[in-house]
Chemist: 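Sharing a structure here in structure tokens format.
Numbered from 1 within each chain, the chains take letters A, B, ... in sequence-line order.
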Number of protein chains: 2
Amino acid sequence: MTDSTDVKPTTKARTKTPTSSGAQNILSAAEELFAQQGYSSISINAIAKQAGVSKANVFHHFDTKETLYIAVLQNASIEMGHLIAELDSGNGSASQQIGRYARQHLQNLFDKARVTQLILRELQQGDKDESVQLVHNTLNKNFTSIVNIIKKFQDQGEFRQDIEAAMIATVLIGCNLFYFQTSAVLDQFPELAFAKDPDNYCNQLTDILLRGIENKSTD
Amino acid sequence: MTDSTDVKPTTKARTKTPTSSGAQNILSAAEELFAQQGYSSISINAIAKQAGVSKANVFHHFDTKETLYIAVLQNASIEMGHLIAELDSGNGSASQQIGRYARQHLQNLFDKARVTQLILRELQQGDKDESVQLVHNTLNKNFTSIVNIIKKFQDQGEFRQDIEAAMIATVLIGCNLFYFQTSAVLDQFPELAFAKDPDNYCNQLTDILLRGIENKSTD
DNA sequence: GTCTATACAGGGATAGAC
DNA sequence: GTCTATCCCTGTATAGAC
């Protein structure tokens, strides 16, 4: 998309920043629809209708569809960043901290389901440069946040050191994301006690994980 | 990756079944493109070009774009089913069996990357009835396959029984899928030893998992 | 800032020759 | 079975009135 329009708003420095409430409506509508259906399935028309404005108005606030999409992604990334930043607080025993982290993390995924879906989408198909970067940053924040906690307990000798901290983080984050991703499908298996019960899932997960990584020198 | 297995051209079953080689080319091209870009981003034109035929020819073999997509999904589901069916064989100790299962499962995901991507896509957004069913079936096969193994060892007293077998299966499958999904992004973190090394990842995962679920009554 | 109207390209799908 | 040519619709994006 290098060859775009040569008509640029030369008058003002703010190149259509979403400050006005109209733009915010559009942004919010776009976030919802993109998260549900993906980029290419969603037309500007659909977004305009959802936002309660005209199609042309969307293009007034955002130069192109892709610009709008990137704006949505950036919003999502920032929002996710804030959530992650709030995660690593707290104290208590190793198992308490890890357990709390896992629960809160999973809770956040569901609370911000749309944002999570957007990130997952990009994770699956990062073709645009910006999106790759955003996903990378988000995952990075997530990783370092939990990795630091784990390393602390590794240094204290409470967790095994023959497993990479990043590996443990991957298991935790990966399982939570997988649970989020499959929750709709898991609902169809009535025999699974944890299918409709995130807390149950999280408890069992941390139970396995903690026992798997605690430093028991019983051989 | 030319998987062009010769198929005999049956003269019957004219209901546009993908028996002819032309249809197979289209199906294969569609699989590749749909897996990479998703349903709505890919035009029939693109598929036709990739398959080396005309656009009209695609519609000769498949009534609609959606028909073609469903056919691709069904192929994928069948292929995945075959892979899963081959997984649960083998014997040895509990850790050997679980470890082998995990390794083979992850290997399959990468070997059939396109198929895996298609399933993941549908997992994320099952709106069409058929696709929901296919994903459901595939996951179901996967689950029961590994759940049975785990239950066996639970009955033998080697694994804890206070954790659902399905939960353990979820962790295993979920982690593998997450690793597959993020492998492109993980590559960008050079400090992760397992990022470019699926075997390493798998070994650490099963290490954690096995220690987390084995029935140690050392309290 | 918001609209109606419009330009233009590309999408899915069909008709009919070969 | 395969093609070219075509239809109609919807998509993105622009122009210009208010």
Chemist: Rounded to whole Å, please give me the gap between NZ in A:Lys55 and P in C:dT2.
Modeler: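 Rounded to the whole Å, the gap is 17 Å.
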Chemist: Give the rounded distance in Å between these two atoms: CD1 of A:Ile42 and C1' of C:dG11.
Modeler: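 Taking CD1 of A:Ile42 and C1' of C:dG11, I get 16 Å after rounding.
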Chemist: Given atom CG of A:Asn45 and atom P of D:dT14, what is their separation to the nearest angstrom?
Modeler: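 Rounded to the whole Å, the gap is 16 Å.
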Chemist: Starting from P on C:dA7, measure out to CZ on A:Phe59 and report it in whole angstrom.
Modeler: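 That distance rounds to 17 Å.
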Chemist: Within 45° of the axis and under 6.0 Å from the centre of the six-membered ring of A:Tyr39, does NZ or CZ of A:Lys65 qualify?
Modeler: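 Yes, A:Lys65 sits over the ring of A:Tyr39.
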Chemist: Ignoring backbone atoms, test whether B:Asn57 places a side-chain nitrogen or oxygen under 4.0 Å from the OP1 or OP2 oxygen of D:dC3.
Modeler: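 Yes, B:Asn57 has a side-chain N/O under 4.0 Å of OP1/OP2 on D:dC3.
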Chemist: Taking the six-membered ring for Trp, are B:Tyr69 and B:Phe34 parallel (under 30°), tilted (30 to 60°) or perpendicular (over 60°)?
Modeler: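 Ring orientation of B:Tyr69 relative to B:Phe34: perpendicular.
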Chemist: Is the B:Tyr201 ring parallel, tilted or perpendicular to the B:Tyr179 ring (thresholds 30°, 60°)?
Modeler: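 Ring orientation, 0 to 90° scale: parallel.
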Chemist: Give a yes or no answer on whether the side chain of A:Gln117 reaches the backbone of A:Glu32 with a donor-acceptor pair at less than 3.5 Å.
Modeler: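 Side chain of A:Gln117 to backbone of A:Glu32, a donor-acceptor pair under 3.5 Å: no, none is there.
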Chemist: Expressed in angstrom and rounded to an integer, what is the separation of A:Phe62 atom CZ from C:dG1 atom P?
Modeler: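 Result: 12 Å.
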Chemist: Indicate, with a heavy-atom threshold strictly under 4.0 Å, whether A:Leu68 touches base, sugar-phosphate, or nothing.
Modeler: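 The answer is nothing, as A:Leu68 stays clear of every strand by at least 4.0 Å.
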Chemist: Please report, rounded to the nearest Å, how far the C1' atom of D:dT2 is from the CD atom of B:Gln24.
Modeler: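 Distance, rounded to whole Å: 18 Å.
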Chemist: Of all the choices, D:dG1, C:dA13, C:dT2, which nucleotide is nearest to the side chain of A:His60 once you look at every atom?
Modeler: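 Nearest listed nucleotide: C:dT2.
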Chemist: In whole angstroms, how far is the C1' atom of D:dT14 from the CG atom of A:Asp63?
Modeler: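 Between C1' of D:dT14 and CG of A:Asp63: 12 Å.
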Chemist: Would you say a side-chain N or O of A:Ser54 is under 4.0 Å from OP1 or OP2 of C:dT2?
Modeler: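 A:Ser54 to C:dT2 OP1/OP2: no side-chain N or O under 4.0 Å.
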Chemist: Check this one for me: any side-chain N or O of B:His61 less than 4.0 Å away from OP1 or OP2 of D:dT2?
Modeler: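 Yes, within the criterion.
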Chemist: Are side-chain heavy atoms of A:Leu172 and A:Asn176 found at a separation under 4.5 Å?
Modeler: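 They are in contact (side-chain heavy atoms under 4.5 Å apart), so the answer is yes.
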Chemist: Select one nucleotide: of C:dC3, D:dT12, C:dG12, the one nearest the side-chain heavy atoms of B:Ile44.
Modeler: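 The nucleotide sitting nearest to the side chain is C:dG12.
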Chemist: Can you tell me the distance, in whole Å, between the NZ atom of B:Lys49 and the P atom of D:dT4?
Modeler: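 Computing the B:Lys49:NZ to D:dT4:P distance gives 12 Å.
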